[in-house]
Structure formats: C-alpha cells, structure tokens
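See below for the structure under consideration.
Just so it is clear: chains get the letters A, B, ... in the order the sequence lines come, proteins before strands, and each one is counted from 1.
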2 protein chains.
Amino acid sequence: MQYDMIETLKRIALLGGAKHEIEISSKALGESMGVSQQTASKRLIDLEKSGAIKRGMSVKRQRITITEHGLKELRREYVEYRRIFEDDRRIYLSGVVASGVGEGRYYMSQKGYLSQFKKELGFDPYPGTLNVDLSEAEASKLQMLDAMKGVALGGFTSEGRTFGEVKCFKAKIKDIDCAVIIPKRTHYRHTVEIVAEKRLRDALGLADGSAVEIIVSGE
Amino acid sequence: MQYDMIETLKRIALLGGAKHEIEISSKALGESMGVSQQTASKRLIDLEKSGAIKRGMSVKRQRITITEHGLKELRREYVEYRRIFEDDRRIYLSGVVASGVGEGRYYMSQKGYLSQFKKELGFDPYPGTLNVDLSEAEASKLQMLDAMKGVALGGFTSEGRTFGEVKCFKAKIKDIDCAVIIPKRTHYRHTVEIVAEKRLRDALGLADGSAVEIIVSGE
DNA sequence: ATTACTACAGACCGAGTAG
DNA sequence: TCTACTCGGTCTGTAGTAA
C-alpha cells in the first residue's frame, strides 16, 4: 500500500472512521488532505478495491467504514512511530537465519566467559549460536549497539591465549529469552549471533532462510 | 512535506537517526524502502534542503542526523496515530473563531440550565458563547458527539416556554476548561458554541478568524 | 448536490552514467 | 565503491464534465 493510500486512511480514521461509519463527501475529504475532490474520490475507490474500507452510497454523501484490514495497515504505521518515540531502549533487528559457525560459538564455549554469562544473563547458554543475516540497512542498526552499554563479559587468559572483553545484549525472539553476542573489535558485519538456553532452531522451528525478528534490550 | 518525504524520514528514524547520527548508503536506505538508490539519494537531498536532516559526507557512506525540525514533522505524524489508537475518548475539533449570537448563549442564560450546569460541569459560565466555525470535514466529527453521552441538562418549563434537554461536553482549549453546547435537534451544522467561566476571547486573546483547537472529552 | 470518468500536464522513478 | 546528475517512461493529480 502506497503512502498516499495510508495517508487517506489515516485521515478517515481521524474523522472517526476507525470507530464507526462516517459520512463525508469526497470534496470535504479532499480539502482536509489538501487534494482535489477527484483525487479523494479516486483514493476512496482504490481503498475500497484493496479492502481497506467499505462504502455505502447514500443519496448525497457516502458512508465509509474502515475494515479490519484497513485498521491493520494503520496499526502497522502506528507501531513504527511508537518505536521511534517510545520504545527507545529497544532495537528491532529483522533478518534471516543463516548457517555457519561463528565466532560467538567459540567464545561462548570458553569457561572464562560461561561463568560470567550465567551470572549476568541468568542462564547457561546452549553450546551453539544462531546466526542471523541482516540486510545492509538492518545491519546499520548495529551502530546503535556500539553506543549502548550492554553486558560486558571481562577478558581473561586461558591456555596461553588472551580473550578480550565481549559485549552481550539481552534480547528476545518471540518471547524466548536470548542474548546477542558482539565480539569486540567488530568490523563491519551483517551477521549477528544469538545464544539461548535451548537450541533456538528447535525451540522456534527455524531453518536456514527463516525470517526472525530479534528484540534487543538496550539494558 | 509530502508523504514520501515523511516515509523516508521515518525510515531514517527507525534506523536510529532520531537519536544519533547514522551512517548509511543511499543504496541500503533505498532497499529498506523498496525504492532505487537514485530515488533514495534524491529524497535525502530534498530532506536536507527542507532542513529535516543534516548530512555529513564521509569517504564512503553518508552520515545522517535528523534535525529538531525533522523530529517535529515525525512527531506530528505520531500524534495523529496516537489519536486514532489511544486517545479514543477525545475528539479534536479545529476551526476558526466566528462572530454571531448563537442559540447556545440563549440557552445558557436560562436559570433552569444554569443551576444544572454548575453542578455537572463545575463552573458558572460567562454569559456568552464563543462561536467556532468548522470546515466541512471537521464538522463531520460532530457525528461522533451524537454517538456519545456527554452531560445532559434536563429540560424544564419557564415563563410558559418549554426548554428541552441540552447536551454538553467537557472540553479544553489550551488548558482552559470549557464546555461545548450541543442544542438538541441539531440539524447539519458547521458551528460549535463554547462556554467557559471567563470570556474566552479575552482569556485566550482570540479575535474573529483566530484558529482554535477544541479538545472535547467524550466523558 | 453528489461521484467518478477522461484527458492531459506535471511529478516522480529509475537506468545509465559521470565524477 | 560511493553520490547524484540527466533523461525518458510511467504514474498521479486535477480540470472539465457526464451522470
């Protein structure tokens, strides 16, 4: 659905169409949006075709109701704005499940991190990570994680090797608690690694290519 | 500002641009909106021209921040959606102050109503009403008031004349408590009459033609 | 009064491409 | 690589007008 359709739907909703039927002429609706009667009329026709509104033609004005489908479209917009202005401690990462052993798995198998992890995140992670590929735009949200504190797991030395600090973020995927692991010295990457108590592929029925949304808590 | 500009601004905000500078290529931004790199680039140029964003060009990607002005535009959208989904007991009526003696004034000078008014609305009204003209689209919101209870002032007989029930709604104009008077048997009208404790023209510095927004409480 | 069709003008998008 | 220009095709809005 294009922007002008959403805008028209929003206008109708603001005139009361989200709650009940409203009676309005295409001329008045057009005026309230700063477009002509013809444009308003066309948009109403298109909205009706797409199933976002229902219309009943009276003798004069038309009666309009927003359908459940139309409300859904509006609510989707609303949720996005809410994320901008209210949800400012959360970051939503959308991506697809990918295969591949990541650094995260290796890090999370180190006892030096494991003990801290249990203490800070509250669970013992399943020994394996879920790799999620992000589109370039989604990956740019990772910049936000750089600016946020998260949960730092201190470095240590083990078997002659030095392990640096690792940053984690509490997260959720569909109500399952998990954590995003951000290895230090993150170059530009477009993959995130997730750990959880259970194997997430099983718990959520995921396979390579499944779409997932990770809700990262900014602490 | 057109819809596609707002949409672009929203996308930038969702990528973190509402809180801090983000670094993103026009290609990635375009993909996240389903448009080409060229279109994304043009929109960024236009947004910068309009003062909604600031850009700094790095060697590769550009760094983008949403300005205070850009945030204002987004917030305006957000407020509209909030009205649709959250504020469902309030109705916002925008109009301009008009002159003319209305029925409301006559009604409100009747002692039979006055005593009830004080009891139900909590103040003694200034003997006069503020007339506000609504555009046709705004006037269609009055249909909502019909469906709402409001505060009913019972009818009575005085000097041989019968006065019917009058419906009032608690309202506010810029934090000043007032009430919208809806005479029964409302034909299609595009004017509302407001009463308050003080003369609203003085209290708010209004003259004919001044724009006002009335926030009507649906009780 | 309305709604909505047609026809055209102007805006917009994206492929190609320069810097 | 990146951004952003030009240019042509397409989309969109509106005046005129019919019903």
Protein-nucleotides 7-9 of chain D N/O pairs closer than 3.5 Å?
none

Round to a whole Å and report the spacing from CG of Leu29(B) to P of dC2(D). 13 Å

Salt bridge (charged side-chain N to carboxylate O under 4.0 Å, His left out) filter on Glu80(B), not counting sequence neighbours, yields Lys10(A), Arg11(A)

Those residues that, when tested against Ser135(B), pass side chain to side chain contact (heavy atoms under 4.5 Å, CB included) (two or more places apart): Ala137(B), Glu138(B)

For residues 30-37 of chain A, which side-chain N or O atoms pair as donor and acceptor with protein atoms under 3.5 Å away, sequence neighbours left out?
| residue | atom | partner | partner atom | Å |
| --- | --- | --- | --- | --- |
| Glu31(A) | OE2 | Lys27(A) | NZ | 3.4 |
| Ser32(A) | OG | Leu29(A) | O | 2.8 |
| Ser36(A) | OG | Gln38(A) | N | 3.4 |
| Ser36(A) | OG | Gln38(A) | OE1 | 3.4 |
| Ser36(A) | OG | Thr39(A) | N | 3.1 |
| Ser36(A) | OG | Thr39(A) | OG1 | 3.1 |
| Gln37(A) | NE2 | Ser26(A) | OG | 3.4 |

Got a sec, which residues hit side chain to side chain contact (heavy atoms under 4.5 Å, CB included) with Arg75(A), two or more places apart in sequence or on another chain? Glu68(A), Leu71(A), Phe85(B)

Taking only residues two or more places apart in sequence, or in another chain, which ones meet Arg63(B) in a side-chain hydrogen bond (donor to acceptor under 3.5 Å, both in side chains)? Glu21(B), Ser58(B)

Output all residues satisfying salt bridge (charged side-chain N to carboxylate O under 4.0 Å, His left out) with Glu120(B), sequence neighbours left out; order by chain, then residue number. none

What's the CD-P distance between Glu23(B) and dT3(D), to the nearest Å? 10 Å

Which residues share a side-chain hydrogen bond (donor to acceptor under 3.5 Å, both in side chains) with Arg201(B), sequence neighbours left out: Asp208(B)

Terminal helix-axis angle for the helix from dT2(C)-dA19(D) to dG19(C)-dC2(D), with five pairs defining each axis and rounding to 10 degrees: 40°

Using side chain to side chain contact (heavy atoms under 4.5 Å, CB included) as the criterion, list what pairs up with Asp133(A), not counting sequence neighbours. Val96(A), Ala98(A), His190(A), Thr191(A)

Set of residues satisfying side chain to side chain contact (heavy atoms under 4.5 Å, CB included) with respect to Arg90(A), sequence neighbours excluded: Asp87(A), Tyr92(A), Ile215(A)

Counting primed atoms, P, OP1 and OP2 as sugar-phosphate and everything else as base, the B/S/- map of nucleotides 4-19 of chain C against protein heavy atoms under 4.0 Å is BB------SSBBB---

Atom of Phe117(A), atom of Pro125(A) and distance for their closest heavy-atom approach: CD2-CD, 3.6 Å

